[in-house]
Participant: 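There's a structure below that I have some questions on.
Here is how names work: the chains are called A, B, and so on, in the same order as the sequence lines, proteins then strands, and each is numbered from 1.
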4 protein chains.
Amino acid sequence: LSWASATACNSPVNSPAGARLQEVAPSFLVRGARIGGGSFAVIAGPCAVEESLDLPVLARKLAASGACALRGGAFKPRSSPSAFQGLGEPGLLALAAARAASRLPIITEVLDPRDLPLLCAHADVLQVGSRNMHNGALLREVGRAGLPVLLKRGMSATLDEFLHAAEFVASGGCTRIVLCERGLRHFDPAVRNLLDLSAVPALQQRARLPVIVDPSHGTGRASLVPSMMAAAAAAGADGLLVEVHPHPTTALCDAAQALDPAAFTSAMRAVEAVLHALGRELTRLPEPAALTAS
Amino acid sequence: LSWASATACNSPVNSPAGARLQEVAPSFLVRGARIGGGSFAVIAGPCAVEESLDLPVLARKLAASGACALRGGAFKPRSSPSAFQGLGEPGLLALAAARAASRLPIITEVLDPRDLPLLCAHADVLQVGSRNMHNGALLREVGRAGLPVLLKRGMSATLDEFLHAAEFVASGGCTRIVLCERGLRHFDPAVRNLLDLSAVPALQQRARLPVIVDPSHGTGRASLVPSMMAAAAAAGADGLLVEVHPHPTTALCDAAQALDPAAFTSAMRAVEAVLHALGRELTRLPEPAALTAS
Amino acid sequence: LSWASATACNSPVNSPAGARLQEVAPSFLVRGARIGGGSFAVIAGPCAVEESLDLPVLARKLAASGACALRGGAFKPRSSPSAFQGLGEPGLLALAAARAASRLPIITEVLDPRDLPLLCAHADVLQVGSRNMHNGALLREVGRAGLPVLLKRGMSATLDEFLHAAEFVASGGCTRIVLCERGLRHFDPAVRNLLDLSAVPALQQRARLPVIVDPSHGTGRASLVPSMMAAAAAAGADGLLVEVHPHPTTALCDAAQALDPAAFTSAMRAVEAVLHALGRELTRLPEPAALTAS
Amino acid sequence: LSWASATACNSPVNSPAGARLQEVAPSFLVRGARIGGGSFAVIAGPCAVEESLDLPVLARKLAASGACALRGGAFKPRSSPSAFQGLGEPGLLALAAARAASRLPIITEVLDPRDLPLLCAHADVLQVGSRNMHNGALLREVGRAGLPVLLKRGMSATLDEFLHAAEFVASGGCTRIVLCERGLRHFDPAVRNLLDLSAVPALQQRARLPVIVDPSHGTGRASLVPSMMAAAAAAGADGLLVEVHPHPTTALCDAAQALDPAAFTSAMRAVEAVLHALGRELTRLPEPAALTAS
């Protein structure tokens, strides 16, 4: 009995982690934006959708800087029941308006299976957050919802546990899954979490799912995010999930880790330079004509 | 912004961890068995209810050795969708039969809010496991179910996060909550998890909920469990959650960490000696007459 | 290649951790005070010897409360070269004066092999601290010095690494070694370190050296120390290493974790009660007459 | 009292970590090879110098692939006294012969202050390993030796502790110090250590010392090393420390993590591409004529 398998109950697990992911797609399209398959998909946006945000303006800026999808939380997982829990449906409508303005597909988080009908009416990709990576009941329901799923690594999950969680999503029928490394619990207050970039090649060597990196939660310090964006590109990641906020210091959520649009634009230039040096490209949304034709 | 609060979004949290637990009971009765309030409640039983187990016989042995409640999983949280997921309703019926035979109240785990009606029809206490400690949606629903709740610490949760999770349960209206330390993710394969006994006094100094210890998951090694049972009693814990299986080597779940009934009985003698030395007592089920009279 | 062995280079290690500890004594006497062998040895004193401390008075109080040895640092391992580094030889002379007043043998830390002649002229037991557990050069020299050695676990050492470090000491010829668990690096600022009490039985099951516990560094919070003292006794430890300071709030070193003499006395009463309940006794210094006769 | 400062004794530390590093050079030359100052210095070689290695041939290959210095251990820090401890002086002579053949300066590890005269007679840079990062006695002596020092981060050291260790070296008079991130203790057996690339910008933002990355110890898996080499370059590191062995599977030390020369050459091409994309260059040894002229 190895240590890894001992972290679960010891009934027979007939397959190693990742073995049940044979049906999963190595790449897929979301409203024309390719995730996986060699191109580099950058998903950006605010941690939470806030009432005062002009999301359409922000989304157009993000697209102009090279993002191919918009992230934003309408339902927020919170440590305390007294913290801001997200706008709910108005938040989803705000995301949809930003999509209409920018053509960026929308990625947003699911916390409760009962929210799925509402979320599926608006979102393009469903995100399962770190706090729910071990929530098998949610993983299975999300896998049945018919949308692509972005699955974040638990805050102290092994790679095997991460792949097993992806299997839960796949067991619901989902074949479009992207994994996201977002930093691990850490002892050094110099950072909020410890970003594990070695997880990128280690996961890619075990399974063929796209693997992206969240350097915002992964460090919790805006000053470290641009370096980690470039490092993730060089490490072979399939993309990024980056928090960008028009005025980070006023953000209701995760102010210390969000980039402002200018810093994001500057960091994207370095990312693009690194990608080109390694023979890769940013995922770009197709021109509207191309989209119609395809 | 302190490190602890930085682990969540930074919207205003007006109260420190535990401040919203004022309404919670420092002790309560479960079918006559007292949890908290100075007495020491030992909850024992198999990790999972298995078809081949004679649960009534096991439950009577556990009661004779000093247990005041029976644990057993009918729905099992698993790392992989291909692992044994529990017996479901037949498991609950087997637990109820064991209760009828032994008078021990039943504690069993909730994984999915949709299982709550079924679970509430049979269980005396609802357990939320480590993998769901950050699952706010489940915590709130469980808090609304009307039963006492045993909440296990997440595998890398801070004490503040643990208390905030208890606040989620309390926000659903539950006032009977017991916290359970069950070991933290660890780098040394000598143990499965690293039991944090200092969490017992540290939690008791921050909030007035009962705090019990699970030395079975907390070490993952049956040979270490008796020492940690006695240590938890000496540390001032309000009780224990211990895995006992008639034949640990054949257990479908967590074989390496379960005690057999003889080892449990022997360990309980040491626990009782430590308790007496410190002026405390094991929680005992009231005699049937007393129960009727109360 | 197992994970544990992979933490070192992979040249042939012909023996598992602890196998080279066959010659080590399961118990030994230090000026008449027994370490190991069933009795429970409590070593207490200030973190560092400070000029303003009345050590003889403190030592007599500690002895009266049940301590059998006096700890105190004359050379202090510090994180920064600008921090207080200890009194050096005057500190050793102060310890010797306290020993003369109390008959308590002296335990003090070695940082540099070049200090060994001076330390051996005064000390009864040499301590190697956590920061030097991986310092093979020092371990070997300390093992050649002819005195018993108290070896503290590194702040993130596995049990195998800890036992290998003890083998380095033994390879210098030392047969009187006591291991000390003192808490591991931890992510939760609620405590300074995470005390691993499961290491006590786990080490005792692997090797026959005495194993003691330092709940002061092990938690870093004076309010948690008494509970962990009693828990260590119940876990089967062979003793304790406890920081006691006449006026903790003014201590030059580790103020937050030191007990004052009254709190120590009170905690020792609980320790003694737990030991008696388990059929064990505190190590007591022999009466002067007995000492002379033996 | 913050958590970080609480990890040491609490006597007055008048300066934050790194404040005493004002005199330290942001870049310096080692036999003409620049460390820091914008160029990217790659140090490569075997973990340990072994008798059967043809080091001059290996060194010429490494230089041809872009390395500017040769690493190799003559004295090896080992977990167990029964493991291979290094060749000692013959190892140093073999390194010197390889330097004569390749012009690569030599970097080798110090374990014991008493070895310093011998090491200083042969080495160009002294390495202090992870196991000794907290060994203040050694750090100070190494800082007095007159050679540049490569200081590796302890296996669970905070960044503040790492900078304080550099201050110990600087307090000996050394002004040429390079820091090396080499992976942290980790719970997931998928890797040997957890490489912390965010430490690169975080350290550079706190102090002006060069910071390099060891992806070999940092992951312990050769298959992950090339990705982490490129990622370190993109993260803004000042260089790399990479294990290369002619026949990794036969290496006496750390076989699982060494690259063979062909894999190293291939990985260096990607590193160089990333550097060029970001406007940077590999450190190259000057031509012999240039060296004479300077």
Participant: With chain D as the partner chain, list the residues of residues 200-211 of chain A whose heavy atoms fall under 4.5 Å from it, by residue number, and write 'none' if nothing qualifies.
Facilitator: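 Within residues 200-211 of chain A, the residues under 4.5 Å from chain D are A/P201, A/A202, A/Q205, A/R206.
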
Participant: Return the minimal non-hydrogen interatomic distance between A/T158 and D/D188, and the atom names on each side.
Facilitator: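 Looking at all heavy atoms of both residues, the closest pair is CA-OD2, 3.2 Å.
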
Participant: Please identify, among A/G183, A/S223, A/G279, the residue contributing the most non-hydrogen atom pairs under 4.5 Å to chain D.
Facilitator: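 It is A/S223.
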
Participant: Please find the pair of heavy atoms, one from A/A234 and one from D/A230, that lie closest to each other, and give the distance.
Facilitator: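 Closest pair (atom of A/A234, atom of D/A230, distance): CB-O, 3.3 Å.
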
Participant: Highest number of heavy-atom pairs under 4.5 Å with chain D: which of A/P226, A/A157, A/A233, A/G236?
Facilitator: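 Sorted descending by pairs with chain D, the first entry is A/A157.
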
Participant: Chain A heavy atoms under 4.5 Å from D/L278: which part of the residue, side chain, backbone, both or neither?
Facilitator: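 Looking at D/L278, just its side chain touches chain A.
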
Participant: Sort D/L275 into side chain, backbone, both or neither according to what part of it lies under 4.5 angstrom from a heavy atom of chain A.
Facilitator: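 No part of D/L275 comes within 4.5 Å of chain A.
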
Participant: Among A/P215, A/A232, A/S156, A/A270, which residue forms the greatest number of heavy-atom pairs with chain D at distances under 4.5 Å?
Facilitator: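 Among the listed options, the one with the most contacts to chain D is A/S156.
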
Participant: Under a 4.5 Å heavy-atom cut-off, does chain A meet the side chain of D/T219, its backbone, both or neither?
Facilitator: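 Interface part for D/T219: side chain.
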
Participant: Report which part of D/A199 has an atom under 4.5 Å of a heavy atom belonging to chain A: side chain, backbone, both, or neither.
Facilitator: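 Neither part; nothing is under 4.5 Å.
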
Participant: Salt bridge (Lys or Arg N to Asp or Glu O under 4.0 Å) with D/D196: which residues, sequence neighbours excluded?
Facilitator: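 Partners of D/D196 under the salt bridge (Lys or Arg N to Asp or Glu O under 4.0 Å) test: D/R153.
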
Participant: Under 4.5 Å between any side-chain heavy atoms of D/L195 and A/L197, yes or no?
Facilitator: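 A side-chain contact is absent here, since even the closest heavy-atom pair is not under 4.5 Å.
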
Participant: Tell me, out of D/G218, D/A235, D/A273, who's got the most heavy-atom pairs with chain A below 4.5 Å.
Facilitator: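 Going by pairs under 4.5 Å, I would pick D/A235.
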
Participant: Please indicate whether D/H247 has more than 12 foreign heavy atoms, meaning atoms of other residues, nucleotides or ligands, lying under 6.0 Å from its NE2.
Facilitator: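 No - once you tally the heavy atoms of other residues, nucleotides and ligands closer than 6.0 Å, there are 12 at most.
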
Participant: Looking at A/S198 and D/L224, what are the two nearest heavy atoms and their distance?
Facilitator: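 Closest heavy-atom pair between A/S198 and D/L224: O-CD2, 4.2 Å.
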
